[in-house]
Amino acid sequence: MQYRTLGKTGLSVSVLGFGLMRLPVLDGDPTRIDRDTTERMLLRGLEGGINYLDTAYPYHARSLGEGGRSEPFLGDFLHAHGLRDRVHLVTKLPPWMVRTREDMERLFDHQLRRLRTDHLDLYLLHAMTLDLWRHLESLGVIPFLEQRLGDGRIRHAGFSFHSSPAELPLLLDAWDRWEAVQVQYNYLDRNFQGAETALSLRDRYGFGVAVMEPLKGGNLGDRMPDPIREIFRDAGLSGSPARAALRWLWDQEGVAVVLSGMSTPEQVEENLEAATEARSNCLSPKERGAYEAVREALSTRILAGCTSCGYCLPFCPVGVQIPMNLALLNDLYLVAGHKVPTMDRSLMKAYYGPFVRYDRLLPSERAEACVGCGACAAHCPQGLDLPGLLARAAEALRER
């Protein structure tokens, strides 16, 4: 495992962080974490050198308006194994649940109890936009953070960012004690939500950069079709597409830690192995050219920039499985640009796979059940036109 300094926090963090948003679950229920499998994954990750654990109040909940199971699971795990002092523990304040200064205090105290700790190594304001910041600022978030930093219950403060690049400097100028910024970054989404802007401002402000969605919700991982994988292979980039995506991020010295939402023991092993080779400025010109070629090839095939975060799901009045439908739409175009393969048997099987999985969904879960109300879109961190994309998915996936 390699380690880097997280900006002016001074924390030495593993280049691979463990994001506890997509843990394995039982019977498809997000609130029923598969405890045995997850414990094995975490123990293996820590054994392999991971020391940065990232969770949030709503992770593994059915609704953004309730506390999920990720925080209490992690607290119980660290307490049971006596590991709290070996990790940098990170969680987030959910601004959509804050209506008063007292709400900040109540939520924060609840999070400490759920995590079974007396302090947080890094506390982030979750999914910040300029509007959400102004809302929190009007309620006294700056004195709240300064008080918690003063009494040691928060060691370092920052925010995760879900807005346009133009808003990032305004947020950074709003308070002079930001120490970390978490941004969505991968070789496809370079400045979609201000990642390249953050890296360019890092030295001026001194904050550390943590990266989320390195695989764009899995679109840069195992779902990538073989013809596009060949571009990496031809450039000498061995291993899986996921490994290649991580290596691209670690090549950049401004990236301190990359969060992987690992869901299987196999993913933990693969990512740990990849982290052993994490070096900045290690890619050759030929390898960098391969990323450009893959980016170009994928840009016309990933129709929905969905990362499967699930923030939209609680707001669908009919129960459409929005991320699943958009993943099927992407899979359809990833394989063959929605053109029926005529020669390769493996391609043909991959092409028809999305139709089979679509048929297995309940009628109320399919894209065609969408009523176009738009309630989901208001909660999408990617700013997607979800009703429009669901209509496109329904049209494409009915052609079977």
Side-chain angles (χ1 to χ4, degrees), residues 17 19-22 54-59 61 63-65 68 70 90-98 107 122-137 141 145 157-175 178-186 188-202 205 207-220 249 255 257-261 302 304-315 322-323 326 374-386 389:
L20 283 88
M21 178 181 174
R22 296 183 173 100
D54 173 275
T55 184
Y57 191 73
Y59 288 177
S63 166
L64 288 177
S70 179
V90 184
T91 194
K92 310 173 187 75
L93 175 72
W96 56 88
M97 297 182 67
V98 175
L107 286 163
L122 177 61
Y123 196 53
L124 303 177
L125 306 185
H126 200 168
M128 273 295 96
T129 66
L130 192 58
D131 285 344
L132 279 176
W133 166 253
R134 287 168 174 160
H135 165 69
L136 291 179
E137 187 180 29
V141 72
L145 290 173
F159 58 89
S160 65
F161 187 64
H162 279 297
S163 193
S164 67
E167 288 193 357
L168 182 57
L170 301 177
L171 281 169
L172 291 170
D173 287 334
W175 191 44
W178 298 124
E179 296 177 88
V181 176
Q182 185 170 304
V183 289
Q184 177 173 318
Y185 195 29
N186 52 67
L188 205 60
D189 295 330
R190 296 189 177 181
N191 208 32
F192 170 57
Q193 292 187 349
E196 289 187 337
T197 300
L199 289 171
S200 71
L201 296 173
R202 179 180 61 94
Y205 290 90
F207 58 82
V209 174
V211 167
M212 56 185 165
E213 300 296 351
L215 304 184
K216 195 175 176 65
N219 286 307
L220 305 184
L249 289 164
V255 172
V257 56
V258 176
L259 294 169
S260 178
I302 297 179
C306 176
T307 62
S308 299
C309 68
Y311 287 4
C312 56
L313 288 174
F315 304 98
I322 300 167
L326 299 190
C376 54
H379 301 275
C380 177
Q382 309 301 316
L384 300 178
D385 174 16
L386 294 179
L389 287 168

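Nothing fancy with the numbering, it's 1 onward along the sequence.
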Working for side chain to side chain contact (heavy atoms under 4.5 Å, CB included), residues Asp131 and His135: CA-CA 6 Å; Asp131 285 344; His135 165 69; over 6 Å; no
Could you check Phe159 against Leu93 for side chain to side chain contact (heavy atoms under 4.5 Å, CB included), going step by step and ending with a plain yes or no? CA-CA 9 Å; Phe159 58 89; Leu93 175 72; over 6 Å; no
Mutual orientation of the aromatic rings belonging to Tyr311 and His126 [parallel < 30°, tilted 30-60°, perpendicular > 60°]: perpendicular
If the plane angle is over 60° it's perpendicular, under 30° parallel, otherwise tilted; pick one for Phe315 and His379. parallel
Mind checking whether [X] and [Y] have side chains closer than 4.5 Å, heavy atoms only?
X      : Y      : answer
Thr197 : Asn191 : yes
Met128 : Pro95  : yes
Tyr205 : Val181 : no
Leu313 : Pro323 : yes
Leu145 : Tyr123 : yes

Between atom [atom1] of [X] and atom [atom2] of [Y], what is the distance when rounded to the nearest 0.5 Å?
X      : Y      : atom1 : atom2 : value
Asp54  : Leu259 : CG    : CG    : 4.5 Å
Leu384 : Cys312 : CG    : SG    : 9.0 Å
Gln193 : Glu213 : CD    : CD    : 9.0 Å
Arg202 : Leu172 : CZ    : CG    : 13.0 Å
Gln382 : Phe192 : CD    : CZ    : 5.0 Å
Leu386 : Cys306 : CG    : SG    : 7.5 Å

Given Val257, Val209, Val211, Leu124, the one that forms side chain to side chain contact (heavy atoms under 4.5 Å, CB included) with Gln182: Leu124
Return yes if some donor-acceptor pair links the side-chain N/O of [X] with the main-chain N/O of [Y] below 3.5 Å, else return no.
X      : Y      : result
Trp133 : Leu125 : no
Gln184 : Thr307 : no
Glu137 : Val141 : no
Ser160 : Ala127 : yes

Between [X] and [Y], what is the shortest heavy-atom contact and its length?
X      : Y      : value
Ala304 : Leu326 : CB-CB, 4.0 Å
Pro381 : His162 : CB-ND1, 3.6 Å
Glu196 : Tyr185 : CG-OH, 3.9 Å
Pro214 : Leu220 : O-CD1, 3.8 Å
Ala198 : Phe207 : O-CZ, 3.3 Å
Leu171 : Thr129 : CD2-O, 4.2 Å

CA sep, side-chain torsions, deciding dist, call: Glu179, Leu122, side chain to side chain contact (heavy atoms under 4.5 Å, CB included): CA-CA 9 Å; Glu179 296 177 88; Leu122 177 61; 5.6 Å; no
Apply side chain to side chain contact (heavy atoms under 4.5 Å, CB included) to residues Met97 and Leu107 and explain how you reach the verdict. CA-CA 9 Å; Met97 297 182 67; Leu107 286 163; 4.1 Å; yes
